[in-house]
Amino acid sequence: MKIATYNINGINARLPVLLRWLAEESPDVVCLQELKSPQERFPLKEINAIGYHAVWHGQKSWNGVAVLSKYEIEEISRALPGDAEDVQSRYLEVMIQQVAICCLYLPNGNPFPGPKFEYKLTWIERLAKRAKTLLSMDIPAILIGDFNIIPTEMDTYKPEKYVDDALFRKEVKEAFSQLLEAGWQDAIRQLFPDQQVYTFWDYFRQAYSRNAGLRIDHILLSPSIQNRLIEGGIDRHVRGWEKSSDHAPTWIRLRNSSNNG
DNA sequence: ATGGCCACCGAGGGTGGA
């Protein structure tokens, strides 16, 4: 089973890019972030037409998350527990093929310091709590999406530029490493232990052609699914397409649970 | 040090992204 995450940065503006990538790479499951579309403007017809089911949680102008799948999708939740007042569409938890998949769009948090950064920290605490519950359930689970976290210096082209950036603040890096200490595995780093790999390149200043990137999209595996990790990668060439998102699709392939396929 | 690019909404520039 091939599972991907892709911050699409406006699903209607990027629909040709999304459909082309789906046709070429044929992932089984795709977690999308930043739909930037109200619920009713999600392009379901086009997505169904190429063989994908979809569950989504839209929002006018900002945020919005979706899960596309060739398999049946059972929706578990469309809100991260812990704050009934939070109206931002940033979390969608589903069950696909006995795997709990948590599609998330973690708040950016800039500028630091300020209320947006505080919201980010609170959101991370809520996520950590949900992640802990999932671990206690001892089921195959995946935290996947745009974390807006640069985990280590290795994950940015220029660490010194990001010291006081909300993506690289120590509180945020610590929260990420605590998830790993709790038992979650950073699948992409596991597969590329010594290599600088990025998932995002700014639109500014030819960031993509200079490879001035960040690794901020992540796929974290619960212990009970880690032995199923076969391979993974970042479809960085998609970032070079006309009208592309500033993120690139990031994916892993898992062995089937019942056999070695 | 700053701004640069791109999407959103809505009808012009303001806001958010990372």
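- Within the 4.0 angstrom heavy-atom criterion, only backbone atoms of the sugar-phosphate kind lie near A/Asp146; the bases stay farther away.
- For residues 187-196 of chain A, the pairs satisfying salt bridge (Lys or Arg N to Asp or Glu O under 4.0 Å) are A/Asp155-A/Arg189, with sequence neighbours left out.
- Contact check of residues 198-209 of chain A against DNA chain B (heavy atom, cut-off under 4.0 Å) returns A/Phe200, A/Tyr203, A/Phe204, A/Arg205.
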Can you list, pair by pair, the side-chain donor-acceptor contacts under 3.5 Å of residues 66-74 of chain A, counting residues two or more places apart and other chains?
{"residue": "A/Ser69", "atom": "OG", "partner": "A/Tyr71", "partner atom": "N", "Å": "2.9"}
{"residue": "A/Ser69", "atom": "OG", "partner": "A/Tyr71", "partner atom": "O", "Å": "2.9"}
{"residue": "A/Lys70", "atom": "NZ", "partner": "A/Ser26", "partner atom": "OG", "Å": "2.4"}

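- One C1' atom belongs to B/dG12, the other to B/dC8, and the distance between them is 14 Å to the nearest Å.
- Residues in residues 138-150 of chain A take part in these side-chain hydrogen bond (donor to acceptor under 3.5 Å, both in side chains) pairs, two or more places apart or across chains: A/Asn7-A/Asp146.
- Electrostatic pairing of A/Asp186 and A/Arg215 counts as a salt bridge here, judged by a charged N lying under 4.0 Å from a carboxylate O.
- Residues passing the side chain to side chain donor-acceptor pair (under 3.5 Å) test with A/Lys2: none are found, sequence neighbours excluded.
- Applying the ring pair (Phe, Tyr, Trp, His ring centres under 6.0 Å) criterion to A/His53, with sequence neighbours excluded, gives no partner residue.
- Within the nucleic acid shown, A/Lys120 has no heavy atom closer than 4.0 Å to any nucleic acid atom.
- Applying the salt bridge (Lys or Arg N to Asp or Glu O under 4.0 Å) rule to pairs touching residues 225-245 of chain A yields A/Glu231-A/Arg253, sequence neighbours excluded.
- No engagement by A/Phe147 is indicated, since no non-hydrogen atom pair under 4.0 Å with the nucleic acid exists.
- Taking atom P in both B/dG13 and B/dT2, one finds a spacing of 25 Å when rounded to whole Å.
- As rounded to the nearest Å, B/dT15 and B/dA11 have C1' atoms that lie 16 Å from one another.
- Residues from residues 54-63 of chain A lying near DNA chain B, meaning a heavy-atom separation below 4.0 Å, are A/Lys60, A/Ser61, A/Trp62 in numerical order.
- If you check every strand for non-hydrogen atoms under 4.0 Å, A/Ile150 touches nothing.
- Nucleotides of DNA chain B with any atom under 4.0 Å from a heavy atom of chain A span, from 5' to 3', B/dG3 to B/dA18.
- Identified under the salt bridge (Lys or Arg N to Asp or Glu O under 4.0 Å) test for residues 93-103 of chain A, with sequence neighbours left out: A/Glu93-A/Arg130.
- When each of A/Asn9 and A/Gly109 is assigned the nucleotide of DNA chain B bearing its nearest heavy atom, the one mapping closer to the 5' terminus is A/Asn9.
- Remark: the A/Asp86 side chain and the A/Tyr119 side chain contain an N/O donor-acceptor pair separated by less than 3.5 Å.
- With sequence neighbours left out, A/Leu44 forms a side chain to side chain contact (heavy atoms under 4.5 Å, CB included) with A/Phe42, A/Asn48, A/Ala54, A/Trp56.
- Applying the side chain to side chain donor-acceptor pair (under 3.5 Å) rule to A/Arg90 yields the partners A/Asn63, A/Gln88; only residues at least two apart in sequence or on another chain are considered.
- B/dG16 and B/dA1: their C1' atoms are spaced 22 Å apart (whole Å).
- Projected onto DNA chain B by closest heavy-atom contact, A/Asn148 and A/Ser244 fall at different nucleotides, the more 5' of which corresponds to A/Ser244.
- Straight-line distance between the P atoms of B/dC6 and B/dG10: roughly 23 Å, to the nearest whole Å.
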